[in-house]
Amino acid sequence: MSTAPNRRAVAVILLIPLMVTLALWAFAWPAARIAPRDLPVGVAGPASAAQQLEQRFEQRDGAFDVHRFDDEAAARTAIEDRTVYGAVVATPQGPHLLTASAASPVVSQLLREAVTASAPEDTEVRVTDVVAAPPGDPRGSALGASVLPLALAGMAAGAVVTLMGLRGARAAVTLVGAAALVGLAATAVAHSWLGALTGDWWTVAGVLALTVLAIGSAVAGLAALFGPRGIGLGALLMVLLGNPFSGVTSAPELLPEPVGAIGQWLPPGAGGSLLRSVAFFDGSAAGASVLTLSLWTLFGLAAVLFARRAPTPAEPVEPAREPALTG
């Protein structure tokens, strides 16, 4: 009796628990270890008062990366440019906390608690939300929940293109067309209907489409290089690691090191950061995310266009041509 079916059964029995364990590690571990790690914040005001505020932040070693600003206007500009998540301004009436819930509601709440706890007794901390989250999504829940559907859409596009046997320019055009339609549909839901995103409608649609295209072309490119196994590698990078490592539900600086940095090198994390920039901050600090998504897209499309791979089961195998008979 052949042992091949038995071996496959044993492989499935061992593989499923391994995948579940890996998924729990990837999703649960970062969420359970959320804490500030070199979180960019600012202090402003007279030199002596600002020095005291800076020392209070530095008491939590490694938690905050403190930036000094001359006055409140400079601190507000830094928040709007996404240089810092928030700032504390020393005033005669007490500390004035500037936050940006659009950048991260979790960080805004964390700063509020930290500044309130360190303020002198009987001192009221005034809080101003410089860049507020939209009324349609005040907690950022819809934005955080959007990363997984985008990753799944890109995964589906890359996998379907591969399994249907599309190659070359036809595969590339299919990936671009699918990503464009997903971007339009997702923007209609999140921007027009839910009001979870603001900013220019077409720019938001372009960001969503670029994110899906980067994921889909990367998956299809990996499959072009490694065959159907590339789809599994793409799922590992884009869904199993890319989604929980993205930091969209909190902030990359709140995730364990180096998870936050790794997440920004993957399309889901880069797409989430770029979406915040264009939706709430007029495109500030968007350069690195655009570069990351563009590189993944170029890699994937280049592999789809130029890599040679073995045909999938859905593709016909061209018969070898018989050499011509000579007289």
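Every residue two or more places apart in sequence or in another chain that forms a side-chain hydrogen bond (donor to acceptor under 3.5 Å, both in side chains) with Ser273 is listed here: Gln264. Every residue meeting the side-chain hydrogen bond (donor to acceptor under 3.5 Å, both in side chains) condition with Ser101, not counting sequence neighbours, appears here in chain and number order: Asp129.
Listed here is the closest heavy atom pair of Val304 and Ala171: CG1-CB, 3.5 Å. The shortest heavy-atom contact between Ala100 and Phe281 is CB-CZ, 4.4 Å. Across all non-hydrogen atoms, the minimal contact from Pro134 to Ala196 is CG-O, 3.3 Å. Here the shortest heavy-atom pairing between Ala218 and Met238 reads CB-CE, 3.7 Å. For the pair Leu237 and Leu266, the tightest heavy-atom approach, listed with the atom from each and the gap, is O-CD1, 3.6 Å.
The shortest distance between side-chain heavy atoms of Val212 and Leu208 does not fall below 4.5 Å. Taking 4.5 Å as the limit, some side-chain heavy atom of Phe280 sits within range of a side-chain heavy atom of Leu197. Annotation: side chain of Met155 is in contact with side chain of Ile231 (closest heavy-atom distance under 4.5 Å).
No donor-acceptor contact under 3.5 angstrom links the side chains of Thr83 and His67, judged on distance only.
Of the candidates Val204, Leu293, Thr292, Leu293 is the only one forming a side-chain contact (heavy atoms from CB on, under 4.5 Å) with Leu274.
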Let me have the donor-acceptor pairs involving side chains of residues 239-255, under 3.5 Å, with sequence neighbours excluded, atom names and distances please.
from, atom 1, to, atom 2, distance (Å)
Asn243, OD1, Leu148, N, 3.4
Ser246, OG, Asn243, O, 2.8
Ser246, OG, Val248, N, 3.4
Glu253, OE1, Tyr85, OH, 2.7

Which atom pairs, one a donor and one an acceptor, fall under 3.5 Å between side chains of residues 42-58 and the rest of the protein, sequence neighbours left out?
from, atom 1, to, atom 2, distance (Å)
Gln51, OE1, Arg68, NH1, 3.3
Glu54, OE1, Arg68, NH1, 3.0

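Within the structure, every pair that satisfies the salt bridge (Lys or Arg N to Asp or Glu O under 4.0 Å) test and touches residues 69-97, not counting sequence neighbours, is listed here: Glu72-Arg76. Residue pairs meeting the side chain to side chain donor-acceptor pair (under 3.5 Å) criterion with at least one partner in residues 186-199, sequence neighbours excluded, are Ser192-Trp201.
Counting non-hydrogen atoms of neighbouring residues, nucleotides and ligands closer than 6.0 angstrom, the CH2 atom of Trp202 reaches no more than 12 such neighbours.
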